[in-house]
S.K.: 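Can you keep this structure in mind? I'll have questions shortly.
Each residue takes its place number in the sequence, starting with 1. Just follow the structure's listing: the first ligand is 1, and inside any ligand the first atom is 1.
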Amino acid sequence: MTAVATPLSWHERAQQLSLQGQAFINGQYVPAQSGATFSNHSPIDGRLLNEVAACDAADIDLAVKAARTAFEDGCWAKLPPMKRKRIMFKFAELIEQHTEELALLETLDMGKPIRDSSSIDVPASVRCLRWYAEAIDKVYDEVAPTPHNVIATITREPLGVCGLVVPWNFPLLMAMWKIAPALATGNSIVLKPAEQSSLTAIRLGALAAEAGIPDGVFNVVPGFGEQAGKALGLHMDVDGVFFTGSTAVGKLFMQYAGQSNLKKLGLECGGKTGHIILADCQRLDVAAQAAGFGIFFNQGEMCTAGSRLIVDAAVKDEVLERLKVFSTLMQPGDPLDPNTRLGAMVNPEHTRQVMNYIDLGKQEAELFMGGTQRQAVAGGCYIEPTVFHQVPYQARIAQEEIFGPVLSVITVNGVDEAIKVANSTIYGLGAGVWSDNVNTLFKATKGLRAGVVYANCYDADDITVPFGGYKQSGIGRDKSLHALEKYTELKTTWLQLAL
Ligand code: NAD
């Protein structure tokens with residue numbers, strides 16, 4: 001009888017990975033021209049993963065030149081839509097075939113649980129790429145209702161060279177929300193991953209080439225924000241920069257555009273979601289669980305993290321008790337263990353910043369649970385689910401984006417006060433509300449100043465709907481057909497007929 005091989009654990013599979021750390025420019029892996037690298041450590045246990053190219057302005061310039069040459073050549077931009085679609089499908093298929101490897105790279109690099117990277121991040125990226133590939137030959141341009149002897153067409157054309165600058169919390173997925181519509185509309189791209197999480201972006205370079213994306217169309221330039229990111233923002237031959245990250249750095253990209261060539265900008269920035277539970281919500285257990293998941297999923301490193309729970313005084317105690325029970329499921333653990341639901345924080349520096357907010361919270365409010373670091377794996381970065389209550393809505397922990405598993409519970413009386421408190425930050429990305437009264441629910445969804453509003457649910461998601469923020473949460477939208485607008489110029493062409 002032949003022995004059945006036991007499946008390798010994620011730890012064993014991680015040992016077998018070979019890690020690429022070079023830039024991908026004009027169809028090949030290359031070191032930074034300066035030769036500089038930085039050491040990439042895993043937040044799981046602090047182990048050294050690899051050396052990553054520390055690219056700077058010279059490498060960005062090389063990538064932009066390759067992207068421009070490919071764009072002018074028309075090898076991608078002028079490819080018949082059917083052919084571009086076929087190549088993007090192939091790219092999606094290759095990513096899907098490498099799900100395990102990409103999920104492992106993501107988890108090792110930034111610490112999220114392998115159960116999430118393998119079941120959410122990679123599959124959602126594949127779906128996003130396929131969705132935009134399908135759109136390529138289904139979106140039509142327009143003809144204006146002009147007088148009979150004139151034709152005016154309104155067409156969309158690719159911008160040209162697009163810089164894509166992305167954060168570390170969903171490295172592959174945030175990149176794909178930009179890569180897919182940018183490629184679908186015929187642009188060449190230069191992708192700058194966050195320095196904390198370069199590995200999946202770098203790996204995509206080889207998969208893009210294998211799929212048949214022509215050299216120069218898809219470039220990946222890793223490096224630090226103040227070097228590689230800034231150089232992309234200031235480059236005179238980049239037509240648009242599409243950024244996801246903090247509001248502070250989003251504002252810098254507006255300055256870079258103003259100081260250089262007024263390049264087009266898309267900004268997906270920070271958030272401080274107000275998640276409201278009203279007294280007439282009948283399903284408090286569901287609402288409390290959604291509130292817990294909304295803040296603790298992805299270690300709270302979410303732009304739409306429901307970081308402010310705005311709860312009616314009449315149900316506050318009940319909600320807090322249920323939240324405590326749910327939190328027992330979300331205790332920090334080894335991200336490579338498939339049962340872990342709360343992984344490692346991205347790095348020691350960010351862990352310290354979140355702990356500083358927890359210290360501040362102890363002065364501004366009452367600690368209800370959590371509040372300490374854990375050694376879930378020796379040498380790693382882990383923080384317990386933490387809840388503060390009796391938080392004044394103007395407190396810093398209720399106004400500033402903490403980007404960790406830290407919830408501020410603010411007590412209110414009634415829907416009007418809840419809406420006022422929810423709208424009381426500089427952000428406007430996500431908002432949520434629970435009520436069993438349809439009029440109250442509508443009043444709240446209309447009154448909440450946010451790009452994405454969840455009513456009797458939280459963190460619903462699909463590629464078919466736009467995602468982005470009001471106020472200082474950004475400019476423009478990712479996802480859905482609306483995203484195509486960002487990556488294209490609108491051209492009006494007048495044709496006078498001799499009729
Ligand atoms: P960040 O702003 O520090 O970095 C984002 C990117 O900008 C990285 O690639 C970084 O290298 C680069 N960068 C940093 N400093 C730069 C500079 N001076 N010049 C040019 N580029 C620079 O953000 P982060 O810490 O990576 O990610 C967390 C932030 O991202 C949070 O604020 C979160 O809310 C936001 N986010 C928003 C969305 C959304 O869709 N709205 C989604 C995910 C994350």
Side-chain angles (χ1 to χ4, degrees), residues 38 52 54-57 60 109-110 112 121 124 128 163-178 190-198 200-202 220-235 238 241-257 259-260 263 265-273 297-307 345-347 349-351 353-354 400-404 425-430 450-452 459 461 465-480 483 486:
F38 62 90
V52 173
C55 294
D56 59 20
I60 288 289
D109 221 7
M110 56 70 68
K112 70 170 64 199
D121 297 68
C128 170
L164 314 180
V165 181
V166 294
W168 48 259
N169 63 334
F170 288 84
L172 185 64
L173 187 57
M174 292 303 103
M176 197 55 78
W177 283 4
K178 300 187 190 307
V190 178
L191 169 64
K192 209 299 278 172
E195 49 271 38
Q196 299 86 344
S197 60
S198 320
T200 45
I202 291 175
V220 184
V221 184
F224 293 101
E226 284 181 7
Q227 294 160 14
K230 184 174 179 180
L232 202 50
L234 286 171
H235 202 289
V238 170
V241 164
F242 302 94
F243 166 83
T244 299
S246 60
T247 294
V249 176
K251 289 181 182 180
L252 288 179
F253 274 98
M254 293 191 91
Q255 291 180 19
Y256 300 153
Q259 286 162 21
S260 56
K263 52 180 68 64
L265 285 181
L267 303 176
E268 298 291 337
C269 300
K272 191 77 187 175
T273 295
F297 173 63
N298 212 49
Q299 301 71 245
E301 296 166 333
M302 293 268 290
C303 51
T304 48
S307 51
M345 306 302 294
V346 71
N347 62 20
E349 187 192 344
H350 184 58
T351 309
Q353 282 168 11
V354 175
E400 297 175 18
E401 190 180 37
I402 299 176
F403 226 55
T425 75
I426 61 166
Y427 298 109
L429 186 57
V452 185
D459 265 344
D461 186 40
V465 296
F467 187 90
Y470 283 26
K471 301 195 276 183
Q472 294 191 36
S473 286
I475 297 175
R477 296 291 182 268
D478 275 342
K479 299 170 58 191
S480 82
K486 289 200 301 199

S.K.: In terms of atom number and element, which parts of ligand 1 are under 4.0 angstrom from non-hydrogen atoms of L252?
M.R.: 18 (N)
S.K.: Flag E401 as yes when one of its N or O atoms lies below 3.5 Å from any N or O atom of ligand 1, and as no otherwise.
M.R.: yes
S.K.: Of P171, P193, S197, which is the lone residue that meets side chain to side chain contact (heavy atoms under 4.5 Å, CB included) with D109?
M.R.: S197
S.K.: Has S307 got a side-chain atom pairing as donor or acceptor with K272's backbone, closer than 3.5 angstrom?
M.R.: no
S.K.: Looking only at atom types and distance, does a side-chain atom of S473 sit under 3.5 Å from a main-chain N or O of G270, one as donor and one as acceptor?
M.R.: yes
S.K.: Can the ring centroids of F242 and W177 be said to lie less than 6.0 angstrom from one another?
M.R.: no
S.K.: Who gets closest to atom 18 (N) of ligand 1 by heavy atom: Y256, F243, F224?
M.R.: Y256
S.K.: Of all heavy-atom pairs between V465 and K479, which one has the smallest distance, and what is that distance?
M.R.: O-CB, 3.2 Å
S.K.: Any idea which atoms of ligand 1 are less than 4.0 Å away from a heavy-atom of V249?
M.R.: 2 (O), 7 (O), 13 (N), 14 (C), 15 (N), 16 (C), 21 (N), 22 (C)
S.K.: Write out the residue and atom name of the closest protein heavy atom to atom 2 (O) of ligand 1, then the distance separating them to 0.1 Å.
M.R.: S246 OG, 2.6 Å
S.K.: At less than 4.0 angstrom from any non-hydrogen atom of P193, what atoms of ligand 1 do you find?
M.R.: 9 (O)
S.K.: Would you mind finding which of P167, G250, G245 brings a heavy atom closest to atom 29 (C) of ligand 1?
M.R.: G245
S.K.: Would you say ligand 1 has an N or O under 3.5 Å from any N or O of N169?
M.R.: no
S.K.: Taking atom CD of E226 as the centre, report whether more than 12 heavy atoms of other residues, nucleotides or ligands fall under 6.0 Å from it.
M.R.: no
S.K.: Tell me whether the rings of F403 and H350 are parallel (<30°), tilted (30 to 60°) or perpendicular (>60°).
M.R.: perpendicular
S.K.: Suppose I only count heavy atoms of E268 and a 4.0 Å limit; which atoms of ligand 1 are within that range?
M.R.: 37 (C), 39 (C), 40 (O), 41 (N)
S.K.: Using the ring of each side chain (for Trp, its six-membered ring), is F170 parallel, tilted or perpendicular to F297, with breaks at 30° and 60°?
M.R.: tilted
S.K.: Considering both backbone and side-chain atoms of S473, is one of its nitrogen or oxygen atoms within less than 3.5 Å of a nitrogen or oxygen in ligand 1?
M.R.: no
S.K.: Ligand 1 versus F170, non-hydrogen atoms closer than 4.0 Å: side chain, backbone, both, neither?
M.R.: neither
S.K.: Minimum heavy-atom separation for K192 to L232, with atom names?
M.R.: CB-CD2, 4.1 Å
S.K.: Quick one: does ligand 1 sit under 4.0 Å from the side chain of D478, the backbone, both or neither, non-hydrogen atoms only?
M.R.: neither
S.K.: Geometry only, no angles: is C269 polar-contacting ligand 1 at N/O separations under 3.5 Å?
M.R.: yes
S.K.: Do ligand 1 and Q196 have nitrogen or oxygen atoms that lie under 3.5 Å from each other?
M.R.: no
S.K.: Measure the shortest side-chain to side-chain distance between V52 and I202 over non-hydrogen atoms and say whether it is less than 4.5 angstrom.
M.R.: yes
S.K.: Where the side chain of N298 meets the backbone of N169, is there a donor-acceptor pair that is under 3.5 Å apart?
M.R.: yes
S.K.: Side chain, backbone, both or neither: which part of L429 has a heavy atom under 4.0 Å from ligand 1?
M.R.: side chain
S.K.: So, does E401 use its side chain to make a donor-acceptor pair with the main chain of G271 at under 3.5 Å?
M.R.: yes
S.K.: Can you check whether D478's main-chain N or O pairs, donor with acceptor, with E268's side chain at less than 3.5 Å?
M.R.: yes
S.K.: Which heavy atom of the protein is the closest neighbour of atom 26 (O) of ligand 1, given with residue, atom name and distance?
M.R.: W168 CD1, 3.0 Å
S.K.: Is atom 4 (O) of ligand 1 less than 4.0 angstrom from at least one protein heavy atom?
M.R.: no
S.K.: Name the closest protein heavy atom to atom 36 (N) of ligand 1, giving the residue it belongs to and the distance to 0.1 Å.
M.R.: C303 CB, 3.6 Å
S.K.: Return yes or no for this condition: an N or O of K192 is under 3.5 Å from an N or O of ligand 1.
M.R.: yes
S.K.: Using a strict 4.0 Å cut-off to heavy atoms of M174, name the atoms of ligand 1 that fall inside it.
M.R.: 42 (C), 43 (C)
S.K.: Quick check on contacts: which atoms of ligand 1 are under 4.0 angstrom from a heavy atom of V165?
M.R.: 6 (C), 7 (O), 9 (O), 12 (C)
S.K.: For ligand 1, which atoms, with element, lie under 4.0 Å from some heavy atom of F467?
M.R.: 39 (C), 40 (O)
S.K.: If I compare all heavy atoms of C55 with all of A228, which pair ends up nearest, and what's the gap?
M.R.: O-CB, 3.6 Å
S.K.: At their closest point, which heavy atom of W168 faces which heavy atom of A194, and how far apart are they?
M.R.: N-CB, 3.8 Å
S.K.: Report the part of A248 (side chain from C-beta onward, or backbone N, CA, C, O) that has a heavy atom under 4.0 Å from ligand 1; answer both or neither where that applies.
M.R.: neither
S.K.: Among V166, L232, T304, which residue places a heavy atom closest to atom 9 (O) of ligand 1?
M.R.: V166
S.K.: Using a strict 4.0 Å cut-off to heavy atoms of G229, name the atoms of ligand 1 that fall inside it.
M.R.: 20 (C), 21 (N)
S.K.: Among protein heavy atoms, which sits nearest to atom 13 (N) of ligand 1, and what does the distance come to when rounded to 0.1 Å?
M.R.: G225 CA, 3.4 Å
